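Structure first, then comments.
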Amino acid sequence: MARILVTSALPYINGVKHLGNLVGSQLPADAYARYMRGRGFEVMFICATDEHGTPAELAAAKAGQPVAEYCAELHEVQKGLAEGFGLSFDHFGRSSSARNRDLTQHFAVRLFENGYIEPVAEQQIYSKADGRFLPDRYIEGTCPNCGYERARGDQCENCTIQLTPRELVSPRSALSGATDLEVRETRHLHLRQSLLKDDIDAWIDTKTDWPVLTTSIAKKWLHDGDGLQDRGITRDLDWGVPAQFDGAPWSGMDGKVFYVWFDAPIEYISATAEWADAHGLGEDAWQRWWRTDAGADDVTYVQFMGKDNVPFHTLSFPATLMGSGEPWKRVDYIKSFNYLNYDGGQFSTSQGRGVFMDDALELLPSDYWRWWLLSHAPESADAEFTWENLQASVNKDLADVLGNFVSRVTKFCRSKFGEAVPEGGAATPLEAALIDELAGRIRAYETQMEAMALRKAAFELRSAWVAGNEYLQEAAPWATIKTDPAQAALQVRTGLNLVRLYAVLSQPFIPDASARMMAALHCIDWSWPGDADVALAALPPGHDFAAPENLFRKITDDEVEAWRTRFAGGRG
RNA sequence: GGGCCCGUAGCUCAACUGGUUAGAGCAGAGCGCUCAUAACGCUUUGGUUGGGGGUUCGAGUCCCUCCGGGCCUACCA
């Protein structure tokens with residue numbers, strides 16, 4: 001049977017992620033992975049923290065911690081939050097792992113041997129006061145074009161002109177404000193992706209089913225200006241995968257590390273190896289997911305990411321894999337997302353604007369967030385988070401349509417028949433119509449989930465919930481029971497089976513609620529509904545259950561008001 | 001500057017390669033039900049598809065233009 005490999009873009013290490021980050025990669029990847037597992041596929045769902053790079057060093061310095069310690073701590077924080085949101089990773093790794101160091105160095109050697117890496121001498125700005133080379137955007141100065149005094153070394157935010165640090169008037173370090181900057185010559189390794197441009201271009205051309213967002217970004221980079229450019233893949237930092245190591249076929253890279261965007265995607269592979277290590281499995285256990293010479297040919301590989309990550313996943317990472325000359329599995333589908341905005345503006349990590357993962361779990365159970373985020377995922381355009389919208393979705397969809405359905409069925413049964421599935425009655429055209437309706441919804445839901453169309457899948461799921469309420473209203477067992485108790489029993493039995501069906505279908509979106517529904521039904525049968533009529537007979541007469549407490553509470557107007565004020569800006 | 005995306009009902013969104021009268025959910029109005037979390041069901045009011053021009057038997061969909069919003073532009077990740 002085909003296997004599904006799912007990776008989520010790696011969340012960066014420098015702090016708790018906001019809901020926009022979550023909905024752009026990890027959460028939809030989780031829903032997809034859960035769905036595929038539910039359908040019976042063998043799934044490997046991989047994520048990790050992305051721990052290298054300048055921002056990590058700066059965040060550690062700000063926290064007054066050694067960078068390794070800082071990353072270890074934040075990794076645990078992010079891991080805990082992922083669990084809190086029910087993200088069902090098979091492994092949540094770290095790009096700073098030994099596995100990733102070894103594999104990153106391995107790829108670099110292979111690329112060098114094949115002529116896709118070369119050392120290049122560059123001039124860079126060194127800050128003596130900071131004791132380090134400064135990336136262009138960490139240099140500030142006055143824009144030579146418009147006179148804006150806080151222009152960055154790569155671009156002036158005021159007049160948008162492209163700059164180099166040496167063009168800035170009175171340049172200074174954005175870190176310390178130091179002005180004793182000097183130009184130093186330094187050598188770096190470059191990934192010669194320009195040599196692979198045509199191969200990548202041809203490969204992208206075969207991906208006609210990818211989102212426009214994905215391919216248009218890739219094509220832009222491939223064809224804009226002089227086409228795909230070579231890229232420096234080393235940096236003058238302490239924290240990262242060392243670029244000089246035993247067996248390196250070059251010299252002079254002492255004190256340098258690989259660029260974070262070189263090693264981060266490799267961590268997808270390394271994290272799978274970390275998974276194998278953690279389970280005491282051999283090399284073949286992870287290689288069958290990644291090496292086409294070790295069985296990965298029947299793997300379908302899907303990546304989830306925000307649109308800002310697309311260039312690295314469509315160009316530089318494929319270039320790394322292709323240039324290695326080794327049989328690595330390449331991505332089959334890239335699902336990319338637009339941005340989620342917060343109440344009329346952008347979520348901002350630096351400004352603390354918006355709702356962050358830790359805040360969210362403090363306010364409401366994860367299912368509430370999962371439902372809103374997934375049913376409003378920014379698939380076709382940027383989407384907007386508002387508290388009113390969250391309130392409306394949670395109260396109406398979860399509490400009223402689904403939660404109340406479970407409540408009315410289980411409590412009615414308890415009061416009239418006791419807490420066991422009642423026996424008797426025979427199906428009528430009413431049940432046949434319900435089955436028809438559900439069969440259509442289930443097939444549509446499958447189609448949308450397989451296409452990773454989360455909003456549409458959520459709509460089909462909700463429609464299936466609504467069908468239960470429509471059925472109950474028409475069947476009206478509270479009236480039937482007065483004249484035909486056996487028929488009322490059939491209607492209630494149908495309702496109880498609908499609860500189980502909803503638990504199975506809803507699990508990718510609201511796993512905790514699904515688990516509670518199944519627990520209340522004393523049921524462990526999570527089998528996917530192939531035929532709706534079979535699915536509605538899963539719980540036989542006599543099967544006992546326990547009517548659950550309300551599955552969802554409602555969000556009050558007072559809470560909405562309080563939260564809007566609290567999260568307007570200036571977090572912590 | 002260049003490129004890409006978007007603009008559809010009060011709100012959030014649909015509408016396969018152009019094809020009947022532009023559809024849902026929420027909000028609003030009316031009716032019904034009373035098992036259930038004052039929940040549910042049925043009916044219903046809202047649109048000159050951002051403006052203008054063009055192609056076509058036919059345009060939300062294609063072309064031009066203008067307005068508005070967003071993203072990217074390679075050293076943040």
Side-chain angles (χ1 to χ4, degrees), chain A residues 9-14 21 50 52-56 58 122 124-125 133-139 152-155 159-162 164-165 188 193 212-213 215-217 219-221 223-225 228-232 235-236 259-261 264 306-312 315-316 338-339 341 346 349-350 375-376 379-384 386 388-389 391-393 395-401 403-416 455-456 458-459 462-463 466 468-481 488 491-492 495 547 549-554:
Chain A
L10 308 186
Y12 197 64
I13 194 69
N14 67 341
N21 298 130
D50 178 12
H52 295 143
T54 309
L58 297 179
E122 296 177 22
Q124 274 202 310
I125 306 295
F133 285 95
L134 295 175
D136 290 359
R137 69 175 51 205
Y138 285 111
I139 300 160
R152 296 186 319 198
D154 56 340
Q155 184 175 39
C159 68
T160 74
I161 193 174
Q162 304 279 316
T164 67
H188 282 289
Q193 32 185 28
V212 178
L213 184 64
T215 50
S216 66
I217 291 171
K219 286 292 180 181
K220 160 77 173 167
W221 283 56
H223 300 301
D224 197 44
L228 187 60
Q229 300 298 297
D230 294 343
R231 213 181 159 106
R235 293 290 184 275
D236 292 286
Y259 176 43
V260 58
W261 264 116
K307 58 186 170 187
D308 51 333
N309 277 333
V310 168
F312 304 98
L315 306 168
S316 51
N338 287 283
Y339 291 142
N341 291 319
Q346 293 192 350
T349 302
S350 58
S375 62
H376 294 78
E379 293 178 306
S380 58
D382 289 354
E384 168 109 349
T386 65
E388 289 78 5
N389 208 310
Q391 180 190 33
S393 286
N395 291 1
K396 199 68 201 175
D397 300 345
L398 295 184
D400 291 349
V401 176
N404 183 56
F405 176 82
V406 173
S407 198
R408 64 196 296 208
V409 167
T410 55
K411 287 174 183 170
F412 180 78
C413 183
R414 181 173 62 188
S415 74
K416 303 299 180 188
R455 281 177 184 247
K456 291 181 179 178
F459 171 79
R462 190 198 127 100
S463 297
V466 168
N469 282 308
E470 290 170 350
Y471 168 75
L472 269 197
Q473 183 66 29
E474 198 160 351
W478 50 89
T480 313
I481 196 165
Q491 293 165 347
V492 169
E549 292 304 305
N550 289 344
L551 289 177
F552 305 101
R553 75 171 182 87
K554 296 198 182 186

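The structure displayed is predicted, hence computed values, not measured ones. Protein chains get the first letters and strands the later ones, always in sequence-line order, with residue 1 at the start of each.
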Next item on the list: Give a yes/no verdict on base stacking between B:C35 and A:Trp478: centres under 5.5 Å, planes within less than 30° of parallel.
Entry: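 Per 5.5 Å and 30° rule: yes, stacked.
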
Margin query: Once you apply a heavy-atom cut-off of 4.0 Å, does A:Asn309 come out as touching a base, just sugar-phosphate, or nothing?
Written below: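 Since no nucleic acid heavy atom lies under 4.0 Å of A:Asn309, the category is nothing.
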
Notebook entry, point to check: Is A:Pro55 touching bases, backbone alone, or none of the nucleic acid, heavy atoms closer than 4.0 Å?
Noted result: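 Sugar-phosphate, backbone atoms only, no base.
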
Rounded to whole angstrom, note down the [atom1] distance from [N] over to [M].
{"N": "B:U17", "M": "B:C35", "atom1": "P", "result": "49 Å"}
{"N": "B:A9", "M": "B:C26", "atom1": "C1'", "result": "12 Å"}
{"N": "B:C31", "M": "B:C16", "atom1": "P", "result": "38 Å"}
{"N": "B:U56", "M": "B:U12", "atom1": "C1'", "result": "34 Å"}
{"N": "B:U48", "M": "B:C66", "atom1": "P", "result": "26 Å"}
{"N": "B:A14", "M": "B:C6", "atom1": "P", "result": "10 Å"}
{"N": "B:G47", "M": "B:U8", "atom1": "P", "result": "15 Å"}

Any strand is fair game: report the nucleotide pairing with [N] by Watson-Crick or G-U wobble, both distances under 3.5 Å, or none.
{"N": "B:U56", "answer": "none"}
{"N": "B:C31", "answer": "B:G41"}
{"N": "B:C75", "answer": "none"}
{"N": "B:U48", "answer": "none"}

Looking only at the side chain of [X] (C-beta and beyond, no hydrogens), which of the listed nucleotides [options] gets closest?
{"X": "A:Asn389", "options": "B:C11, B:U37, B:A74", "answer": "B:C11"}
{"X": "A:Arg231", "options": "B:A27, B:C75, B:A77", "answer": "B:C75"}
{"X": "A:Lys456", "options": "B:U37, B:A15, B:A77", "answer": "B:A15"}

Item checked: Toward the 5' end of RNA chain B, by each residue's nearest nucleotide, A:Ala392 or A:Asn469 ->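 Result: A:Ala392.
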
Notebook entry, point to check: So which one's nearest nucleotide on RNA chain B is more toward 5', A:Pro477 or A:Ala383?
Noted result: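 That would be A:Ala383.
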
Can you find a donor-acceptor pair, distance only, under 3.5 Å between [X] side chain and [N] base?
{"X": "A:Gln124", "N": "B:C75", "value": "yes"}
{"X": "A:Asn404", "N": "B:A36", "value": "yes"}
{"X": "A:Glu122", "N": "B:C75", "value": "yes"}

Notebook entry, point to check: Going by a 90° cut-off around 0, is B:G46 syn or anti?
Noted result: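 Nucleotide B:G46 adopts syn.
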
Note to self: Would you call the rings of A:Phe312 and A:Trp261 parallel, tilted or perpendicular, taking 30° and 60° as the class edges?
What the structure shows: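 It falls in the parallel class, under 30°.
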
